[in-house]
Amino acid sequence: MLERAARLEALYNVEVLVFSWPANGGGVWGTASYLSDKRDARASTGALDRCLGRMAALFREQVEKVKIEIVKKVDKQLGSNASTEKRNALIMRLQEDKCPISINMMTHSMGNYLYQYTLYPESSNAHELLFDNVILAAADANNKDHKQWVDKIPCRKSVYITINEDDSALKLSRAKLGEQQLPRLGHHLHNLDAKQAIYVDFTEVVGSSHAYFEGDAVSNSNSSAFRFFNRVFNGESVYDELSFNAGINCYRLK
């Protein structure tokens with residue numbers, strides 16, 4: 001996990017904070033191991049909740065320190081006769097200049113299942129406004145009723161859900177439990193009905209990959225997959241990289 005984080009830092013020029021939890025990883029152990037991993041994920045919601053809460057507290061603390069300094073500077077620069085609108089506009093601009101960072105989150109595979117259950121309690125720290133972009137990558141969570149938790153995700157910019165119909169790991173996820181396992185959010189191009197989600201279909205460009213934010217899918221910096229992840233991980237918008245299919249409410253990479 002730490003090696004993957006180091007690779008992502010080098011590839012996208014970002015700083016990566018990893019959250020990990022106990023898991024067997026499925027594989028040859030089959031259904032019993034997969035169900036155990038899901039139980040472990042649900043049991044880890046408290047830890048993720050505390051992690052997000054601590055991050056939010058540190059972020060608020062830093063913002064308040066910066067704001068105090070900026071307010072003093074604005075008061076000195078504008079005096080007491082400036083309008084509230086002008087004063088607030090200057091404070092906002094100086095805040096952006098002083099803190100030009102973007103905090104974004106990617107949840108991968110069963111990490112989406114963990115995040116889903118962390119969001120359910122209304123008192124959860126997962127409801128804190130902390131991230132610019134939230135990327136639900138190759139989500140091993142039910143497609144059915146996903147809007148009930150996806151539309152609760154707080155973000156300043158966008159929530160992206162990436163989909164690969166040929167995702168080998170998510171196909172295996174369904175096969176392990178047969179009909180008991182509903183279609184997975186990360187490989188199903190139907191019922192894409194969350195109001196705030198931006199669905200992005202990677203099927204034509206990443207083969208059977210399950211982790212197409214790394215490896216061959218993004219080895220070329222000119223590839224559409226690399227450009228997508230590079231921009232969303234750095235807090236940017238990617239609409240100009242996408243074309244929209246209104247029939248299924250989903251974007252595709254150009």
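Remember, it's a predicted structure, so these values are computed and weren't measured experimentally. Each residue takes its place number in the sequence, starting with 1.
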Novice: Kindly state each residue pair satisfying salt bridge (Lys or Arg N to Asp or Glu O under 4.0 Å) with at least one member in residues 132-143, sequence neighbours excluded.
Specialist: Asp132-Arg156, Asp140-Arg184
Novice: Enumerate the side chain to side chain donor-acceptor pair (under 3.5 Å) contacts for residues 103-113, please, sequence neighbours excluded, ordered by first and then second residue.
Specialist: Arg42-Tyr113, Ser102-Asn104, Thr107-Asn112, Ser109-His210
Novice: Between Leu185 and Ile163, which heavy-atom pair has the shortest distance, and what is it?
Specialist: O-CG1, 3.7 Å
Novice: Can you list everything that forms a ring-ring contact (aromatic ring centres under 6.0 Å, His included) with His146? Sequence neighbours excluded, please.
Specialist: Tyr199
Novice: Keeping the roles fixed (side chain from Ser223, backbone from Phe226), state whether a donor-acceptor pair exists under 3.5 Å.
Specialist: yes
Novice: Taking atom CG as the centre, does Asn220 end up with more than 12 heavy-atom neighbours from other residues, nucleotides or ligands that are less than 6.0 angstrom away?
Specialist: yes
Novice: Could you go step by step and tell me if Glu61 and Lys65 meet the salt bridge (Lys or Arg N to Asp or Glu O under 4.0 Å) rule?
Specialist: CA-CA 6 Å; Glu61 181 181 320; Lys65 287 181 180 179; 3.6 Å; yes
Novice: Using only atom types and a distance under 3.5 Å, with no angle test, would you say the side chain of His188 pairs donor to acceptor with the backbone of Asn142?
Specialist: no
Novice: For Ala217 and Val206, work out which heavy atoms get closest and say how close.
Specialist: CB-CG1, 3.8 Å
Novice: Among all residues two or more places apart in sequence or in another chain, which pass the side chain to side chain contact (heavy atoms under 4.5 Å, CB included) test with Leu90?
Specialist: Val74, Gln77, Leu78, Arg93, Leu94
Novice: Is it true that atom NZ of Lys73 has more than 12 heavy atoms of other residues, nucleotides or ligands lying nearer than 6.0 Å?
Specialist: no
Novice: Would you mind reporting whether Leu114 and Thr45 have side-chain heavy atoms less than 4.5 Å apart?
Specialist: yes
Novice: For residues Leu253 and Leu242, determine if any side-chain heavy atom of one lies less than 4.5 Å from a side-chain heavy atom of the other.
Specialist: yes
Novice: So which heavy atom on Val150 is nearest to which on Ala194, and how close?
Specialist: CG1-CB, 3.8 Å
Novice: Could you see if Val159 belongs to whatever hydrophobic cluster contains Leu192? Use Ile, Leu, Val, Met, Phe, Trp, Tyr and a side-chain cutoff under 4.5 Å.
Specialist: yes
Novice: Of the non-hydrogen atoms in Met1 and Ser20, which two are nearest, and what is the gap between them?
Specialist: CE-OG, 4.3 Å
Novice: Considering all heavy atoms of both residues, which atom of Val205 and which atom of Ser224 are nearest to each other, and what is their separation?
Specialist: CG1-OG, 4.0 Å
Novice: Please confirm whether the backbone N or O of Ser237 pairs with a side-chain atom of Lys157, one donor and one acceptor, at under 3.5 Å?
Specialist: no
Novice: Does the Thr162 side chain pair with the main chain of Ala138, one donor and one acceptor, at a distance under 3.5 Å?
Specialist: yes
Novice: Should Phe19 and Leu52 count as side-chain neighbours, where that means a heavy-atom distance under 4.5 Å?
Specialist: no
Novice: How would you list all residue pairs meeting salt bridge (Lys or Arg N to Asp or Glu O under 4.0 Å) that involve residues 231-241, not counting sequence neighbours?
Specialist: Arg227-Glu241, Arg231-Glu236, Arg231-Asp240, Arg231-Glu241
Novice: Who passes ring-ring contact (aromatic ring centres under 6.0 Å, His included) against Phe244, sequence neighbours left out?
Specialist: Tyr251
Novice: Let me see the working for Met55 and Phe131 under side-chain contact (heavy atoms from CB on, under 4.5 Å), right down to the final yes or no.
Specialist: CA-CA 10 Å; Met55 288 177 64; Phe131 303 108; 4.1 Å; yes
Novice: Which distance, rounded to the nearest 0.5 Å, do you find between the CG of Leu130 and the CZ of Phe59?
Specialist: 6.5 Å
Novice: What's the spacing between Ile153 CD1 and Leu129 CG if we round to 0.5 Å?
Specialist: 12.5 Å
Novice: Applying salt bridge (Lys or Arg N to Asp or Glu O under 4.0 Å), which residue pairs with at least one partner in residues 102-124 are found, sequence neighbours left out?
Specialist: Glu122-Lys152
Novice: When hydrophobic residues are tied together by side-chain contacts of less than 4.5 Å, even through go-betweens, does Leu119 share a cluster with Ile103?
Specialist: yes
Novice: Sequence neighbours left out, what pairs pass side chain to side chain donor-acceptor pair (under 3.5 Å) with at least one residue falling in residues 4-14?
Specialist: Arg4-Glu214, Arg7-Glu214
Novice: Under the criterion side-chain contact (heavy atoms from CB on, under 4.5 Å), I'd like the reasoning laid out for Trp21 against Leu48: C-alpha separation, chi angles, the key distance, then a yes or no.
Specialist: CA-CA 9 Å; Trp21 64 97; Leu48 179 57; over 6 Å; no
Novice: Run the numbers on Ile248 and His190 for side-chain contact (heavy atoms from CB on, under 4.5 Å), then give the verdict.
Specialist: CA-CA 7 Å; Ile248 57 173; His190 304 278; 5.8 Å; no
Novice: Backbone N or O of Gln148 within a donor-acceptor pair of the Asp145 side chain at under 3.5 Å?
Specialist: no
Novice: Test side-chain contact (heavy atoms from CB on, under 4.5 Å) on Ile135 and Phe213; report intermediate values, then the result.
Specialist: CA-CA 11 Å; Ile135 305 96; Phe213 48 83; over 6 Å; no
Novice: Do Tyr34 and Met110 come within less than 4.5 Å of each other through their side chains, counting heavy atoms only?
Specialist: yes
Novice: How would you list, by chain and number, every residue that makes a side chain to side chain contact (heavy atoms under 4.5 Å, CB included) with Thr203, sequence neighbours excluded?
Specialist: Asn164, Glu165, Asp166, Asp201
Novice: Output yes when a side-chain donor or acceptor of Asn143 lies under 3.5 Å from a complementary backbone atom of Pro183, and no otherwise.
Specialist: no
Novice: Please answer whether the main-chain N or O of Thr118 pairs with a side-chain N or O of Ser124 as donor and acceptor at a distance below 3.5 Å.
Specialist: yes
Novice: Distance from Thr84 atom OG1 to Lys86 atom NZ, nearest 0.5 Å?
Specialist: 12.5 Å
Novice: Which value, rounded to the nearest 0.5 Å, describes the distance between Lys171 atom NZ and Ser208 atom OG?
Specialist: 8.0 Å
Novice: Can you name the closest pair of heavy atoms from Val134 and Pro154 and give their distance?
Specialist: CG2-O, 4.2 Å
Novice: With a sphere of 6.0 Å drawn around CD1 of Ile101, does it hold more than 12 non-hydrogen atoms of other residues, nucleotides or ligands?
Specialist: yes
Novice: Do any pairs count as a salt bridge (Lys or Arg N to Asp or Glu O under 4.0 Å) and have a residue in residues 48-58, sequence neighbours left out, and if so which ones?
Specialist: none
Novice: Name all residues meeting the side chain to side chain donor-acceptor pair (under 3.5 Å) criterion together with Gln196; count only those two or more places apart in sequence or in a different chain, and write none if there are none.
Specialist: none
Novice: Which residues pass the ring-ring contact (aromatic ring centres under 6.0 Å, His included) test with Phe202, not counting sequence neighbours?
Specialist: Tyr212, Phe228, Phe229
Novice: How long is the straight-line distance from CG of Leu189 back to CG of Asn249, given to the nearest 0.5 Å?
Specialist: 11.0 Å
Novice: Could you give the distance from CG (Leu11) to CG (Asn230), rounded to the nearest 0.5 Å?
Specialist: 7.5 Å
